[in-house]
Amino acid sequence: MEKDDLPQYTPIDEHAVSRDTRRRRLRLVRLVAVALIAYTLYLCSINSSHLERRKTQILSTDKLRTDHAICTKLRAAPESAKGRRERNARYVDGHGPVLIRNATVWTGEPSPGTSSEEAHFGKGYSWIHADVLMEHGLIKRVEAGISSSDLPDNCTIYNADGRQLTTGIVDMHSHSTVDPLPDLRGWSDDNELSDDITPYVRSLDAINPLDHQLQVIKSGGVTTSLILPGSGNNMGGEAYVIKHAVGKHDGRSEISAQDMLADPDKTWRYMKMACGENAKAVYGRVGRDFGPFSRMGEAWYFRHAFEQASALVQAQDDWCGAADKVGAENMETYLPQDLQWESLGALLRDQVLLNVHCYTIPDLEAFVRHTNEFKFKVQAFHHAHQTYLIPEILKRAYGGIPPAAALFADNMYYKAEAYIASEQAGKILWENGITPVYVSDNPVLNAQHVVFEAAKAYKNGLPYHVALAGVTSASAELLGLGDRIGKIKPGYDADVVVWDSDPLSVGAAPVQVWIDGTPQFEDPVELNKPRSKPLQELGVEDPAMSQAATSGAQLHGSKSDGTLARSDEKDIVFTGISKIMIQGHEQIFDQGNATLVLKSGKVICTGDCTEELSAAEAQGIKKVVLHNGHIAPPLTAFGSSLGLEEITAEPSTTDGDNTDSTISRAVDGLTFDTKNLDAAYSHGVTRAITPPTFWYGGHKGISAGFLTGAAHALEERAVWQDEVALHYTLTKTEKAPALSAAVGQLKTKLLKAIKSNATDVSGEYLWLPRVVAGEMPLAITVHSADLIASLLRVKAEVEAATDHTLRLIIIGGAESHLLAPSLAATNTSVLLAPFLAFSETWDQRRSLTGAPLTNGTAIDVLHSAGVKVAIGTTEDWQTRDLYLAAGIAFANGNGRISESEALGFVSGNVYEMLGVQGPRGWEEFVVCEGSPLGIEGRVRAVVDGRGWVSVWS
Ligand SMILES: *[C@@H]1O[C@H](CO)[C@@H](O)[C@H](O)[C@H]1NC(C)=O
Ligand SMILES: *[C@@H]1O[C@H](CO)[C@@H](O)[C@H](O)[C@H]1NC(C)=O
Ligand SMILES: *[C@@H]1O[C@H](CO)[C@@H](O)[C@H](O)[C@H]1NC(C)=O
Ligand SMILES: *[C@@H]1O[C@H](CO)[C@@H](O)[C@H](O)[C@H]1NC(C)=O
Ligand SMILES: *[C@@H]1O[C@H](CO)[C@@H](O)[C@H](O)[C@H]1NC(C)=O
């Protein structure tokens, strides 16, 4: 997936087009210049005789008056509606009032009387027990025990049964509806790549209300999204805030973009700009007709555009001032207007809220310079991975309020400008007075799960109230709608979510969503989950709070990115263990008082270990005191290019792609000691199985199994298996232009391999005979159920020609759930990659997105049908979240997936499907504080069986 939602493009085609348009534009510019000179001469000549000019006045008085009226609009300062509204302007007549009874409510505000200093640190925020009354599209009352006799007529009552209730989630970075899913060429409308500077285009003109993804996103509790143009242009165009209710089905009166606008009063306008890699990659080629080519060029394009808009604003202000004095009808020209610079002028007039895609220090610093040179404000820098390093630069931005940072929680390193980033960014920013908010960039992340970004930020140290605000009230505030949405408070829009668990807990899903007081799901699937208290009431510590209280705005840990320092120990003691989750050694210690002692990297005792403990203490051996310690199996990442690439978008950092005619072994290209591998290791992923890549982001070749913590391939056990499986990807290629041809070629190869002689072969035929003999697994990357069905037919045919079972593994498998019984019957395994697929592409269009829309996801269907299933990764960063993926499978498994089965999806099952020996018991394991399957879990130590323990403290 191309990041930042840039379309996949071939530079040559694109620039062939843009070269022509640029020539045309150049001609146009020359024409305009000539016309301007002529006009100036004309002005000079008429200036010479004022009287003469009056005589030649032929301007329309009506238009002059209309123009003068426009001056009022030009000068207007947007102001959010003050005072209490009786009705929401979006309210559709006929919708009755609703009372939500017995909810555990997060209002989004601290209790009255809390000082802002205290509130910053979370004081006064809590869950309250209350009923919520909604009428005319607004929240009317939030009080405990609203009496039935006190309700409006015809009030529907919804029993929340004690569950958590929050305001609807607000995602301030989405391309849903302008880049509808599944992704089709004909519907890709988010980047107006006819020019780098297009402030004049509007996402509103491309919004497709029938994008099914709108509904999927809403099923994650998202009620409001800012629909931004893409980031291919330095100036991308105007953006619009929508709500996720479309047509009669969702309680609206029509299917239209207009009807979706979150603020029908149009208080604010919105705009998108983008710095850095993208624009220069799209437009930059050598030659005067092309550009920007570099960051220097981008800055010039920005400043040049702002200069045009400033000149327009100045000319308009001069005209309006003169018209005020002499009367519009006496003006000698019309009001200067220019549709090309109108919206940018509005930005300079402070009527537009600007969001800027900007990652790096040079980009951020240059943009902050532009704000001061041309005097405009920025609401937020998006993808702002490096902001955590430079809060003081942000504070220099024009307007007095530093821009917020709109972030992903842990999606990083994918391109050069994302290579410096930190999971602790949100926490560090908050400590330094910058607001962090969390966004999806849908479809880069499925916005259905944007609340999970906030949850991971919380996991990484951002206080609970700041993390939740980062997808609700803080985002609403940045959209200029902070007194209408983002809180549960009388007078606010009735956008409400009742959750099946704490919204920042692993796997949280809505059980119902209301937009403007109208329920959005007719028959929502509710997962069978135990009713749970909010995280704080479960005794889950807010990690940031205790630290903030003691050390103020200090960075924690010893590294500048906020991560903890690692040391490698031979002898070590862990106390405070409550659970051992290693297969075959499962044990629970109710008192949380078990101990683990290691000598020379080997476990010598588990349990009460009284003797070993006192011996260790006598020897002064390092002791780590855990709170709710868990010992978990180590995980294996399978499916991404971990170990074969470092920065996906930088070819010099990757192994490269196999083609139709080449095939390689990953072991021959493995790269160790990278930031991605370091992240894997510190997140408890000790091993990876990586196949070589194939064009279209697929796999082709022989995968290798290796240790993520090794420094190079020659270290002991660094490569624990040279050849794991033979991989292919079913996509259209040059050699097999049709999918049917690709399947046919694969079958031909397999049948040929049955007869081939292992002594005189090359290329794929070095391994195919082992595959048909059932010795080596055949792993095919494929999503479409129809193609998987074709593969099962090939499997049957090949098996009929041999006595062996073809060990087939489906990688991807978004639609595999449709064939679950057949997969089980044929012993075909599935590595779900990504774990939670959505209809991103055509061949994933029948993905199951989970409650409240579907009863479970692919893993539930496959697991219940008896298919051997595992959770894989498609992008390297997903490795960080493998324990959480298991946690989601467990929490959302309708009680049918045990903790140990869930852990098996990211450890043991991978080895079972490959027929390879995996990590063994006490030889390899991970020490966590809290359950690794919960949001509170943190990896504290890793043992990968090589004689030492890596500890983070
Ligand atoms: C009550 O609601 C029903 C539909 O839910 C509607 O048909 C009826 O007109 C409403 N009555 C009043 C008094 O609002
Ligand atoms: C609210 O729901 C909880 C959880 O089901 C229940 O224990 C409690 O009795 C309910 N309270 C009221 C007032 O109905
Ligand atoms: C969901 O599927 C499970 C079987 O996996 C079934 O027991 C349950 O009743 C289903 N729930 C709904 C709401 O359909
Ligand atoms: C934990 O404490 C309980 C009660 O003091 C004791 O019975 C038990 O043996 C201890 N367990 C371990 C593993 O130390
Ligand atoms: C492969 O070659 C060996 C030795 O050259 C021969 O004995 C064997 O029959 C051949 N097998 C096939 C399937 O052709």
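Counting starts at 1 for both ligands and their atoms, following the listed order.
Classification of the Tyr158-Trp514 ring pair by plane angle, with boundaries at 30° and 60°, yields perpendicular.
Nearest-heavy-atom check against atom 5 (O) of ligand 2 across Asn159, Asp131, Asp161 picks out Asp161. Ranked by closest heavy atom to atom 6 (C) of ligand 4, the top entry among Leu613, Thr606, Thr595, Asn593 is Asn593.
Within the 4.0 Å heavy-atom cutoff, Arg896 counts among the residues contacting ligand 3.
A salt bridge links Arg846 to Asp786: at least one charged side-chain nitrogen sits closer than 4.0 Å to a carboxylate oxygen.
Within a 4.0 Å radius of atom 9 (O) of ligand 2, the protein contributes no non-hydrogen atoms. Distance check for atom 14 (O) of ligand 4: a protein heavy atom is found below 4.0 Å.
Just one of Lys529, Arg163, Arg531 meets the salt bridge (charged side-chain N to carboxylate O under 4.0 Å, His left out) condition when paired with Asp500; it is Lys529.
Side-chain contact check for Asp860 and Asn855: no donor-acceptor pair (N or O, by modelled atom type) lies under 3.5 Å.
For the atom pair NZ of Lys487 and OG of Ser473, the computed distance is 6.0 Å after rounding to the nearest 0.5 Å. Distance CG/Asn442 to OG/Ser176: 5.5 Å, rounded to 0.5 Å.
Using a 4.0 Å cut-off to heavy atoms of Gly162, the atoms of ligand 2 that qualify are 1 (C), 2 (O). Atom numbering of ligand 4 starts at 1 in the shown order; those under 4.0 Å from a heavy atom of Gly607 are 13 (C). In summary, the atoms of ligand 3 found under 4.0 Å from a heavy atom of Asn855, numbered by their order in the structure, are 1 (C), 2 (O), 3 (C), 8 (C), 10 (C), 11 (N), 12 (C), 14 (O). Interface of Asp608 with ligand 4, defined as ligand atoms under 4.0 Å from a residue heavy atom, comprises 12 (C), 13 (C), 14 (O).
The shortest contact between atom 3 (C) of ligand 2 and any protein heavy atom is with Asn102 ND2, 3.6 Å.
Side chain of Lys795 to backbone of Thr826: a donor-acceptor contact under 3.5 angstrom is found.
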